[in-house]
Amino acid sequence: MKRRTTLLLSSAVTIAALFSFNSFKVDHAYANGVRINDYYLASKNSKQYNKLALMTAQDSFHIFTKKIGKYPYKEIDITEGLLGKDTGGMKYPGLIMIDTSGFLQKKHPLDRYNELTEDVSHEVGHQWFYGTVGSDEYMEPWLDEGLTNLLENGVYDLTYTKSKSYCAKLMHSKFYTRKNVKRANKILKENANQFINKNQKANYINYPVTNPPKGVDTEDMAYELGMDFPAVLKVAMGETKFFDALHDYYQTYYLKQATTQDFLNIIHKYDNSKKVNNVINKFIDPKYLSE
């Protein structure tokens, strides 16, 4: 899920999505042999919405398939939905819902285009971590939201894509260039190395949603810190070794349930160095590791 929503709300919008497809227009695209069906409401901005949503889904499928592994199904449905305040999207295996409220406003905010790419790439990413490799979202939410946030912010956003280029055009921005994407990668790598080399402290992330570390918000623990851990691991291990390990984790627990301990076992298989273990010790509390 892109931002949190309640179980009651998510159930309601799921039912609404399943029973309202006849009210939607639909367009299709393909990526890595997967048919992407985008159901959208006709509105002033529906043409741009539909095109950008499909382009983002295509780019995300291409990148995540290459980096992580093959999506297990033949198609996926994307539909608009009024998901409520601070909820950008909701996911289920084979179905993702993207909040449409910004596109129904009389005056369309330009930054909504960028939010759309974030929401779509995030919910597509959940098809890998949650939809294919399952985990306990209550006890170890970082395995779901943190790894998916990495795919959104640390993989899709850091890859030059046609969808982001089109988004920049819609926003009348000249800042999205290959050079700036390369610069962003460099800055994030420098920040991660600074975190590693200066022995900076971090907060634990493998806590239940009802008992986050003291002074840490549950959402930050799952989404932001949950993303920081694999992002720093990627730098500590080196990008090639890290994605080899993540691919192995995905294949090993393909259509199965995994735990933080399972994730760490795969990481140690590829890199059991002092540097990597120091990173793990900053983010993972051994008291909350389940076998």
Side-chain angles (χ1 to χ4, degrees), residues 1-3 56-57 59-69 71 88-89 91 114-133 135 140-161 163-165 167 175-196 200 202-203 205-206 219-250 260 263-264 266-267 270-271 275-276 279-280 282-284:
M1 178 182 63
K2 182 65 176 180
R3 310 184 191 102
T56 303
D59 285 339
S60 298
F61 264 92
H62 287 314
I63 298 167
F64 302 161
T65 300
K66 181 179 179 180
K67 291 285 189 181
I68 312 300
Y71 174 72
K91 84 285 186 181
N114 190 57
E115 290 178 11
L116 177 62
T117 64
E118 293 175 353
D119 294 341
V120 172
S121 64
H122 185 92
E123 303 307 341
V124 168
H126 270 305
Q127 300 303 309
W128 274 257
F129 297 118
Y130 161 80
T132 304
V133 176
S135 57
E140 300 177 304
W142 86 269
L143 281 172
D144 176 8
E145 296 298 353
L147 288 177
T148 297
N149 239 14
L150 176 74
L151 293 186
E152 173 200 342
N153 296 292
V155 179
Y156 171 77
D157 273 355
L158 296 183
T159 305
Y160 187 84
T161 59
S163 53
K164 277 289 189 180
S165 181
C167 177
F175 293 105
Y176 186 74
T177 63
R178 293 182 186 275
K179 185 177 181 180
N180 283 342
V181 171
K182 187 176 181 180
R183 183 181 292 118
N185 274 279
K186 182 180 179 181
I187 291 172
L188 288 175
K189 185 175 181 179
E190 290 173 350
N191 289 342
N193 276 320
Q194 184 178 38
F195 174 85
I196 295 168
Q200 294 179 358
N203 288 293
I205 62 172
N206 59 319
E219 190 168 345
D220 287 339
M221 177 187 72
Y223 287 79
E224 304 307 326
L225 291 169
M227 174 185 64
D228 289 345
F229 173 48
V232 175
L233 267 184
K234 181 178 72 170
V235 175
M237 297 173 68
E239 188 165 321
T240 299
K241 193 184 294 185
F242 172 79
F243 281 112
D244 284 347
L246 200 56
H247 175 80
D248 192 347
Y249 170 73
Y250 182 73
T260 298
F263 178 84
L264 296 180
I266 298 292
I267 293 298
Y270 285 81
D271 194 329
K275 178 190 284 189
V276 166
V279 172
I280 291 172
K282 290 178 181 181
F283 287 95
I284 304 299

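For clarity, every value in this text was computed on a predicted model and none was experimentally measured.
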Pairing residues for K182 by the salt bridge (Lys or Arg N to Asp or Glu O under 4.0 Å) criterion, not counting sequence neighbours: none
If the condition is salt bridge (Lys or Arg N to Asp or Glu O under 4.0 Å), which residues does E239 pass it with, not counting sequence neighbours? K67
Mind checking the CD1-NZ spacing from I187 to K189? Nearest 0.5 Å is all I need. 13.5 Å
Holding to side chain to side chain contact (heavy atoms under 4.5 Å, CB included), I want the full list of residues that pass it with A184, two or more places apart in sequence or in another chain. L158
If you look at every heavy atom in M221 and P141, which pair is closest and at what distance? CE-CG, 3.9 Å
Sequence neighbours excluded, which residues qualify as ring pair (Phe, Tyr, Trp, His ring centres under 6.0 Å) partners of Y176? Y160
Please check: side-chain N/O of N185 versus main-chain N/O of V181, any donor-acceptor pairing under 3.5 Å? yes
Does the side chain of M237 come within less than 4.5 Å of V279's, by heavy atoms? no
Identify, with sequence neighbours excluded, every residue that meets side-chain hydrogen bond (donor to acceptor under 3.5 Å, both in side chains) alongside S135. none
OG1 (T148) and CD (E152) are apart, to the nearest 0.5 Å, by 9.0 Å
With sequence neighbours excluded, tell me which residues meet side-chain hydrogen bond (donor to acceptor under 3.5 Å, both in side chains) with H62. N32
Once side-chain hydrogen bond (donor to acceptor under 3.5 Å, both in side chains) is applied, do any residues pair with T117, and if so which ones, sequence neighbours excluded? K164
Over all heavy atoms of both residues, which pair between G154 and K234 is shortest? Give the atoms and the distance, please. O-NZ, 3.4 Å
Specify whether Y71 and W128 have parallel, tilted or perpendicular ring planes, treating 30° as the upper limit for parallel and 60° as the lower limit for perpendicular. tilted
Tell me, do F129 and L246 make a side-chain contact under 4.5 Å, heavy atoms counted? yes
Enumerate donor-acceptor pairs with a distance under 3.5 Å from any side-chain N or O in residues 224-232 to protein atoms, sequence neighbours excluded.
none

Which is it for I68 and F243 under the side chain to side chain contact (heavy atoms under 4.5 Å, CB included) test, yes or no, and what are the steps along the way? CA-CA 7 Å; I68 312 300; F243 281 112; 4.3 Å; yes
Smallest heavy-atom separation, V235 atom then A192 atom, equals CG2-CB, 3.5 Å
What is the distance from atom SG of C167 to atom CG of L116, rounded to the nearest 0.5 Å? 7.5 Å
Side chains of K275 and I196 in contact at under 4.5 Å (non-hydrogen atoms): yes
Could you work out, with salt bridge (Lys or Arg N to Asp or Glu O under 4.0 Å) as the rule, every residue matching D248, not counting sequence neighbours? K269
So CD of E219 and CD of E145: to nearest 0.5 Å the spacing works out to 8.5 Å
Taking only residues two or more places apart in sequence, or in another chain, which ones meet K179 in a side chain to side chain contact (heavy atoms under 4.5 Å, CB included)? T177, R183
Could you tell me which non-hydrogen atom of Y156 sits nearest to which non-hydrogen atom of S60, and how far apart they are? CD1-OG, 3.8 Å
Less than 3.5 Å apart, any donor N or O on the side chain of S163 or T161 sitting next to an acceptor on the other? yes
Using 0.5 Å steps for rounding, measure from the OH atom of Y270 to the NE2 atom of H247. 7.5 Å
Got a sec, which residues hit side-chain hydrogen bond (donor to acceptor under 3.5 Å, both in side chains) with E140, two or more places apart in sequence or on another chain? T260
Sequence neighbours excluded, which residues qualify as ring pair (Phe, Tyr, Trp, His ring centres under 6.0 Å) partners of F263? W142, Y249
Donor-acceptor check, side chain of D144 to backbone of Y130, threshold 3.5 angstrom: yes or no? no
Looking only at heavy atoms, what is the nearest atom pair of I267 and A245, with distance? CD1-CB, 4.1 Å
Check: F64 and Q127 side chains under 4.5 Å, non-hydrogen atoms: no
Rounded to the nearest 0.5 Å, what's the gap from CG on D157 to CG on L151? Could you check? 11.0 Å
